[in-house]
Amino acid sequence: MPELPEVETIARGLSRQVTGDVIESVWVGSKPEPLKSPAREIARTLEGARIADVRRAGKHIVFDLERRGGKARDQWIVHLGMTGRMFVCGAEAEIPKHTHAIATLRSARELRFVDPRRFGRLQVVRDQRFETSGREPLDVGFEIFAKLFRGRKTPIKSALLNQKLLAGIGNIYADESLFRAGVRPRRRAASLTRNDVRRLYDSVQQVLNEAIAAGGSSVSDYVNADGEAGFFQFAHRVYGREGDLCVSCGAPIKRIVIAGRSSHYCPKCQK
DNA sequence: ACTATTTCCTGGATGC
DNA sequence: TGCATCCAGGAAATAG
């Protein structure tokens, strides 16, 4: 499932493939489509626009668009949800099931959005810079990071998943960060000591940077913009390892459910 | 203002 | 083999 490192990897790949290309026409699938903006507005905003850059914001892919001669700051925002894929292919390539949008490029290639589970979302933002409400975990300073958890009764795991606080962390990297920080997922966010928060801050940055370097985690069917799997799943220490032995102390990894999300941790290493 | 719970959605795994 | 059921989870909606 695409979280920050996977989206970062995809956005980099797409940026390399389509920056400078021009969107000639757009097709958006019929009726209940995963859209946040009306199909007509998406088509109107994209058609004729030049892709100036592709980048990541939180878990969103952002296509910065440029109009001929215009100064408008339009953007095409793509959220992949759980199973969404965004990739470039030739126009002759077979159109897979669950294809919801196709942008035809001047280079005669196509940019396609495919999402079986339909948790993904397409959106356009016009004349303003798209911003996530949460902080970027790799840019935020320690003091602001620490402040996010102050006074919060919610479990630290839930706080890490809350995109309004930090944008981009999902289930995998929340669990992996908490393991490295030695903090149990059920701990109330406000109960973390300054040292806990310090270790968590360092762990989040470490895990995300290592995962980006590994091209993300391919747990279900995630592949990057070039169709290649990432390999950070081999570095997971707790996620998906229920019953396996802790790499650090040998105790069996536990799995519990917090707010409906499975959470993995080492009962011996995490306090 | 917060927090917790429910809902959306389909493919793959599991169970009988 | 086949059919039903469960589960995964990001974020929005709903309830408390």
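Every chain is numbered from 1, with letters handed out A, B, ... down the list of sequences.
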Notebook entry, point to check: Does A/Arg152 or A/Arg261 map to a spot on DNA chain B nearer the 5' end, using the closest nucleotide for each?
Noted result: A/Arg152

Notebook entry, point to check: Between A/Arg118 (CZ) and B/dT7 (C1'), how many Å, whole number?
Noted result: 16 Å

Next item on the list: Name the closest nucleotide to the A/Arg117 side chain, picking from C/dA12, C/dG9, B/dC2.
Entry: C/dG9

Check: How is A/Arg121 classified with respect to the nucleic acid when contacts are heavy atoms under 4.0 Å: base, sugar-phosphate, or nothing?
Finding: nothing

Note to self: Mind checking if A/Lys97 touches a base, just sugar-phosphate, or nothing, with heavy atoms under 4.0 Å?
What the structure shows: sugar-phosphate

Notebook entry, point to check: A/His60 or A/Arg255: which one's nearest nucleotide on DNA chain C is closer to the 5' end?
Noted result: A/Arg255

Checklist line | A/Lys59 side-chain N/O to C/dA11 phosphate OP1/OP2 under 4.0 Å | finding: yes

Next item on the list: Measure the distance from CE on A/Met82 to P on B/dT10 and round it to the nearest whole Å.
Entry: 13 Å

Margin query: Quick check on the helix from B/dC2-C/dG16 to B/dC16-C/dG2: what's the angle between its two end axes, five base pairs per end, to the nearest 10°?
Written below: 50°

Item checked: A/Pro116 side-chain proximity, nearest of B/dG11, C/dG10, B/dC9 -> B/dG11

Check: If you round to the nearest 0.5 Å, how far is CD1 of A/Ile156 from CG of A/Asn162?
Finding: 11.0 Å

Notebook entry, point to check: Would you say C/dA11 has OP1 or OP2 under 4.0 Å from some side-chain N or O of A/Lys36?
Noted result: no

Notebook entry, point to check: Which nucleotide in the set C/dA11, C/dG9, B/dT10 lies at the smallest distance from any side-chain heavy atom of A/Ser262?
Noted result: C/dG9

Check: Just how far is it from atom CD of A/Glu176 to atom CG of A/Leu160, taken to the nearest 0.5 Å?
Finding: 12.5 Å

Notebook entry, point to check: Touch check for A/Phe149, heavy atoms < 4.0 angstrom, all strands: base, sugar-phosphate only, or nothing?
Noted result: nothing

Checklist line | Donor-acceptor side-chain pairing of A/Arg109 and A/Ser107 below 3.5 angstrom | finding: yes

Next item on the list: Would you mind telling me which of C/dA12, C/dA11, B/dC2 lies closest to the side-chain atoms of A/His79?
Entry: C/dA11

Item checked: Cationic N near anionic O, under 4.0 Å, A/Glu143 to A/Lys147 -> no

Item checked: Whether A/Phe119 stacks on the six-membered ring of C/dA11 base, 5.5 Å and 30° limits -> no

Check: Side-chain donor-acceptor pair under 3.5 Å between A/Asp115 and A/His100, yes or no?
Finding: no

Next item on the list: For the side chain of A/Lys153, starting at C-beta, report the closest nucleotide among B/dT3, B/dA4, B/dC9.
Entry: B/dT3

Next item on the list: Kindly compute the distance separating OG1 (A/Thr45) from CZ (A/Arg40), expressed to the nearest 0.5 Å.
Entry: 12.5 Å

Checklist line | Rounded distance (nearest 0.5 Å) linking atom CD1 of A/Ile256 with atom CD of A/Glu242 | finding: 10.5 Å

